[in-house]
Novice: 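Structure incoming, see below.
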Amino acid sequence: METAVEPGTGIPDTYPDDHIEVLGARVHNLKNIDVRIPRDQLVVITGLSGSGKSSLAFDTIHAEGQRRYIETFNAYARQFLGGIERPDVDLITGLSPVIAIEQKTISRNPRSTVGTVTEIYDLLRLLYARVADAFSYETGEPMVRYSDQRIVDLVAEGYEGKESLILAPLVRGRKGHYRELFEQLLRQGFLRARADGEVLDLTSRPRLDRYKVHDIELVVDRIKVNAENTKRLSGTIATAMKYGKGSLMVVEAKGGTPRFFSRHLMCPTTGIAYEEPEPNLFSFNSPYGACPKCSGLGQVTDVAFDKIVPDRKKSVRQGAFVPITSHKGSWVFKQIEAVLSNFGHDLDTPIEEMDDAVLAALLNGMDEPLRVSSAVGLSDRTVQFEGIIPFILEQAEDGPKAAQKWAAGFTHMVTCPECNGARLKKTALHFRIVGKDIHELANMPLGELHGSMSGLVDRLEGTKALIAREVVKEITARSSFLLDVGLEYLTLDRSARSLSGGEAQRIRFATQIGSQLTGVLYILDEPSIGLHQRDDKRLIGSLRNLRDGGNSILVVEHDKEMMMSADHLIDIGPGAGEHGGRIVAQGHPTELALGDSVTARYLRNELRIEVPAERRKGNGHRLALRGAKGNNLQEVDVDFPLGTFICVTGVSGSGKSTLIGDTLYPILSKHFYRSESHPLPYSSIKGLEHIDKVIEVDQGPIGRTPRSNPATYTGIFDHIRELYANLPAAKIRGYKAGRFSFNTTGGRCETCKGAGVRTIAMNFLPDVNVPCDTCRGKRYDRETLEVRFKGKSIADVLAMPVEEAAALFSELPQIHLKLRTLLDVGLGYVKLGQSSTTLSGGEAQRIKLASELVKRGTGSTFYILDEPTTGLHFDDVKQLIDVLQRLVEQGNTVLVIEHNLDIMKVADHVIDMGPEGGAGGGMVVARGTPEEVVLMGKGHTYPYLKAELAH
């Protein structure tokens with residue numbers, strides 16, 4: 001087993017090509033370490049949370065690789081690319097091109113989907129544009145197309161000896177009087193047009209009813225079809241095609257049903273024509289393909305009737321319509337009064353006494369002009385009443401910000417009624433391959449799509465099979481890579497912003513596998529997050545395949561299976577924060593497990609998380625959720641025993657997040673806090689009276705700006721500022737608590753505005769953050785820093801790790817209690833003033849958990865945590881379990897969505913979802929204590945849980 005080599009011990013000047021050498025790494029908490037990482041192997045870096053794993057892998061090795069790559073560009077290009085600071089390291093040798101695959105959500109754009117990110121949807125668009133069959137959206141018939149000569153032959157054959165009108169379609173189903181159109185045609189020498197089946201003489205200057213829908217065709221010629229007129233017929237058809245933009249109609253002069261002809265795709269019965277299909281016709285991000293109603297989003301803003309009229313017993317005068325209660329006596333009220341008068345009601349009629357026609361007129365407006373009484377002495381006015389709902393929607397979409405905020409109180413997002421969520425215009429949805437349109441394929445789970453594509457070429461005929469072969473080959477190759485990393489349950493139309501960090505990372509990983517590069521160093525950040533143990537093995541297999549392709553794999557990971565599968569394991573520690581940053585041990589996993597580090601002792605089960613002696617029965621009450629059927633849930637009925645530690649588990653895509661995050665939590669949030677969240681469909685829930693609040697502790701950041709930090713989020717900083725304001729030195733100078741804030745003027749350094757650093761633009765080099773010359777990075781002015789508590793200024797406190805601050809404020813209960821809680825959740829190494837943007841998702845979640853623990857408990861709280869062990873070492877998981885058990889001991893209920901076996905085995909009640917992901921899941925496979933779940937022997941979880949309990 002190799003151990004760390006400290007600087008100055010005589011490492012040779014030259015190194016073999018089979019290792020990456022890092023010398024003197026000092027980024028963040030790294031203690032000037034030297035490390036040799038074997039190339040072309042699967043290397044796992046592990047260690048306690050905050051020990052320096054990411055600092056070595058991402059902030060040192062990846063940062064240097066990226067910096068070197070950007071330096072290969074010329075100076076002009078570099079100014080547009082931006083740059084990266086040189087990491088604080090003496091030397092890195094043997095570095096290949098580096099690709100980092102992190103746990104960041106791919107995109108927050110609602111238009112971004114799994115299909116667009118993986119580019120599989122782009123390939124599907126190409127496939128549909130080239131080989132799909134078109135069908136009429138009116139009749140469902142196959143569309144046809146003819147050449148100009150074929151049209152001449154068909155007309156000559158079908159209308160032989162008949163007097164016929166050759167027509168060029170100009171207007172289809174649109175309102176208007178079209179006087180200008182008729183005058184334009186007359187100036188061009190045409191004498192007749194046909195409107196709604198009736199031939200009009202253009203010399204009489206016709207004008208149509210502007211409020212009715214019309215179909216208008218130009219009469220190009222009235223001709224008797226026979227052999228003598230063949231040349232004339234050809235010219236007439238050419239003219240008709242010109243004015244009809246590639247389409248024409250023929251009808252007998254004495255009347256009858258017209259026939260349609262087109263050089264484009266055309267419905268032979270109704271005459272509707274499609275443009276030639278191009279890939280952008282099938283893109284919901286293109287105006288050529290997007291549904292015109294929802295602009296390709298699949299959802300539209302709609303007004304909720306219950307928000308407009310919450311109490312149907314009230315009349316309009318009593319404020320039944322919430323949006324207009326403040327407009328009493330206004331012009332709006334006069335219009336509403338006129339509408340009601342038309343239907344025999346007045347402002348004092350309760351809403352419940354009005355029929356649907358009255359409400360429809362009030363909410364959606366009236367087609368007929370409305371006569372409204374004006375003030376005394378003025379004549380009545382005639383107006384077009386637009387309705388309450390159109391006005392709210394207009395403000396929501398085009399109004400100023402204040403109006404949009406007002407309108408948001410009455411609206412919610414619903415599935416687009418025109419495309420039913422398909423995002424595409426109806427033309428695009430009527431191109432089919434083997435009976436399926438592109439949306440149906442995009443809505444299939446990837447596993448099913450892969451199977452459907454695999455045999456597609458065999459089901460196509462002739463040239464279509466030849467054209468499709470290469471595209472289908474690429475689609476099946478890309479989808480197979482996604483299957484290999486356990487994502488068979490995802491669909492191509494799944495929004496990218498709904499993906500977890502782990503799913504987004506695995507999609508990027510699959511994309512890299514598909515690129516088939518060699519000689520690359522891949523760095524991955526906990527790729528096993530969100531993966532069930534069954535899928536772990538497939539992920540490890542994919543990593544090995546990537547390694548066998550001639551690449552080096554560097555993985556930051558805490559998963560035991562991943563560690564033991566590595567070719568080389570590096571353990572960083574021994575502690576976290578200032579107590580970490582050293583190479584504790586490295587070597588083959590079996591060798592490292594023989595060492596005396598914390599990780600080694602857990603690997604050989606010398607240290608372990610114990611199974612509880614007995615399982616809690618709870619307080620006798622239950623939350624009973626019935627008929628949950630959102631997404632892939634199949635009418636799920638499930639009970640949550642209150643006063644217990646509940647673990648919801650199951651394979652990826654089995655419905656865990658849908659059941660808890662999208663159904664249960666929104667129900668509870670709406671009940672206790674009247675939130676605007678809408679739960680997915682369910683039948684009923686009982687037992688809400690037995691809990692008094694719900695708290696979801698997620699992994700979202702605690703702040704969006706660098707000024708946010710653990711001290712400000714937890715409220716500790718308020719107490720610390722009050723403490724400093726009450727010190728004698730502060731009182732003498734008249735300082736208040738605001739003096740010690742770095743966000744407001746007064747005590748902060750005005751040169752850097754309390755940031756502690758100044759950003760210097762370097763034009764052709766990366767922007768550089770340098771400590772402020774005035775405050776030397778302290779954030780405050782000199783006078784403020786002169787106020788000290790036990791010799792420490794306010795800036796010294798912000799720079800302290802939680803552990804050190806807890807000792808400093810040990811005699812101040814208000815401050816010490818909060819610091820003690822941060823210690824309990826394993827965050828002793830985090831600095832009080834550490835920017836929130838540098839915290840991992842797991843650290844942010846534990847800070848939120850600590851903030852909840854400090855609050856006075858009611859003993860009836862329902863806590864929900866989604867994968868809280870993300871980023872946690874075995875020892876950190878042990879600490880987390882102790883904290884969660886403490887909450888349950890106080891009478892609360894803790895529900896955790898988790899794959900970690902250590903969490904599963906200590907839970908009082910396990911709910912296993914499955915049996916598969918996607919359409920094959922959505923059911924409760926097993927429930928009960930961990931022992932009962934093992935005895936049931938159902939699903940994919942029990943074999944792993946059985947083995948863990950046996951240890």
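Predicted model only: the values in this text are computed from it and were never measured.
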Novice: Can you name the side chain to side chain donor-acceptor pair (under 3.5 Å) partners of Gln890, sequence neighbours left out?
Specialist: none
Novice: Check Asp718 with Arg721, please: is the shortest side-chain N to carboxylate O separation under 4.0 Å?
Specialist: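 Answer for the salt bridge query: yes.
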Novice: Side chains of Thr599 and His873: donor-acceptor distance under 3.5 Å anywhere?
Specialist: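 Indeed, the side chains of Thr599 and His873 share at least one donor-acceptor pair under 3.5 Å.
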Novice: For a quick check under 3.5 Å, do Asp571 and Ser597 share a side-chain donor-acceptor pair by atom type?
Specialist: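 Indeed, the side chains of Asp571 and Ser597 share at least one donor-acceptor pair under 3.5 Å.
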Novice: Parallel, tilted or perpendicular for Tyr735 and Phe740, by the 30°/60° rule?
Specialist: perpendicular
Novice: For Asp88 and Val27, indicate whether the former's side chain and the latter's backbone hold a donor-acceptor pair under 3.5 Å.
Specialist: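 No, the answer is negative, given that no donor and acceptor are paired below the 3.5 Å cut-off.
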Novice: Any side-chain heavy atom of Leu872 within less than 4.5 Å of one from His558?
Specialist: no
Novice: Okay, side chain of Asp866, backbone of Asp698: is any donor-acceptor separation there less than 3.5 Å?
Specialist: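 Between the backbone of Asp698 and the side chain of Asp866 there is no qualifying donor-acceptor contact (under 3.5 Å).
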Novice: I'd like to know if Glu71 and Arg68 make a salt bridge, using a cut-off of under 4.0 Å between side-chain N and carboxylate O.
Specialist: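 Between Arg68 and Glu71 there is no salt bridge, as every charged N stays at least 4.0 Å from the carboxylate O atoms.
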Novice: Does the side chain of Thr869 come under 3.5 Å of the side chain of Glu898 through a donor N or O and an acceptor N or O?
Specialist: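 Short answer, yes.
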Novice: Within the 3.5 Å criterion, strictly below it, is a donor on Glu557 or Thr46 matched to an acceptor on the partner's side chain?
Specialist: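 Side-chain D/A pair, Glu557 to Thr46: absent.
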Novice: Which atom names give the shortest non-hydrogen contact between Ala25 and Val22, and what distance separates them?
Specialist: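 Heavy atoms of Ala25 and Val22 come nearest at CB-CG1, 3.9 Å.
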Novice: Write down the atom of Leu832, the atom of Pro710, and the distance for their closest heavy-atom approach.
Specialist: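 Looking at all heavy atoms of both residues, the shortest contact is O-CD, 3.5 Å.
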Novice: Can you give me the closest heavy-atom contact between Ala566 and Val44, atom names plus distance?
Specialist: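 Minimum heavy-atom separation between Ala566 and Val44: CB-CG2, 3.5 Å.
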Novice: Check for a donor-acceptor pair, side chain of Arg886 on one end and backbone N or O of Leu853 on the other, with a separation under 3.5 Å.
Specialist: no
Novice: Side-chain atoms of residues 804-816: list all donor-acceptor pairs with protein atoms under 3.5 Å, sequence neighbours left out, distances to 0.1 Å.
Specialist:
from: Ser810; atom 1: OG; to: Ala807; atom 2: O; distance (Å): 3.2

Novice: I'd like to check Tyr724 versus Thr784 (side-chain heavy atoms, cut-off strictly below 4.5 Å). Are they in contact?
Specialist: no
Novice: Is it true that atom NZ of Lys848 has more than 12 heavy atoms of other residues, nucleotides or ligands lying nearer than 6.0 Å?
Specialist: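 Yes.
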Novice: Strictly below 4.0 Å, N to O, side chains only: are Arg788 and Glu786 in salt-bridge contact?
Specialist: no
Novice: Answer with yes or no after comparing the ring centroid distance for Tyr713 and Phe717 against a 6.0 Å cut-off, counting only values under it.
Specialist: no
Novice: Any idea which heavy atoms bring Ala737 and Glu722 closest together, and the distance?
Specialist: CB-OE2, 3.9 Å
Novice: Quick one: does Lys693's side chain have a donor or acceptor within less than 3.5 Å of a partner on Tyr863's backbone?
Specialist: no
Novice: Between Val825 and Ala850, which heavy-atom pair has the shortest distance, and what is it?
Specialist: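 Where Val825 meets Ala850 most closely, the heavy atoms are CG2-CB, 4.1 Å.
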Novice: Does Asp781 reach the main-chain N or O of Cys749 with its side chain, forming a donor-acceptor pair under 3.5 Å?
Specialist: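 Not at all, since once roles are kept as given, no pair shorter than 3.5 Å links the two residues.
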Novice: Looking only at atom types and distance, does a side-chain atom of Thr821 sit under 3.5 Å from a main-chain N or O of Val854, one as donor and one as acceptor?
Specialist: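 No; judged by distance alone, with no hydrogens or angles, the pair does not exist.
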Novice: Check whether any side-chain heavy atom of Ile553 lies under 4.5 Å from a side-chain heavy atom of Val43, and answer yes or no.
Specialist: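 Answer no - side chains too far apart.
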Novice: Sub-3.5 Å donor-acceptor pair from the side chain of Asp559 to the main-chain atoms of Ser528, do we have one?
Specialist: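 No: the side chain of Asp559 does not pair with the backbone of Ser528.
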Novice: Donor-acceptor check, side chain of Arg26 to backbone of Gly24, threshold 3.5 angstrom: yes or no?
Specialist: yes
Novice: So, the side chain of Lys31 versus the backbone of Gly580: is there a donor-acceptor pair under 3.5 Å, distance only?
Specialist: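 Yes, because the side chain of Lys31 sits within donor-acceptor range (under 3.5 Å) of the backbone of Gly580.
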Novice: Counting neighbours of CZ on Arg776 that are heavy atoms of other residues, nucleotides or ligands and sit closer than 6.0 Å, is the number greater than 12?
Specialist: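 Count not over threshold, so no.
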Novice: Would you find more than 12 non-hydrogen atoms of other residues, nucleotides or ligands less than 6.0 Å from Lys401 atom NZ?
Specialist: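 Not buried by this count: 12 neighbours or fewer within 6.0 Å.
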Novice: Whether the Asn743 and Arg748 side chains hold a donor-acceptor pair (N or O, under 3.5 Å, no angle test) is what I'd like checked.
Specialist: no
Novice: Is Thr712 reaching over with its side chain to a backbone N or O of Asn709, donor-acceptor style, under 3.5 angstrom?
Specialist: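 Yes, the answer is positive, given that a donor and an acceptor are paired below the 3.5 Å cut-off.
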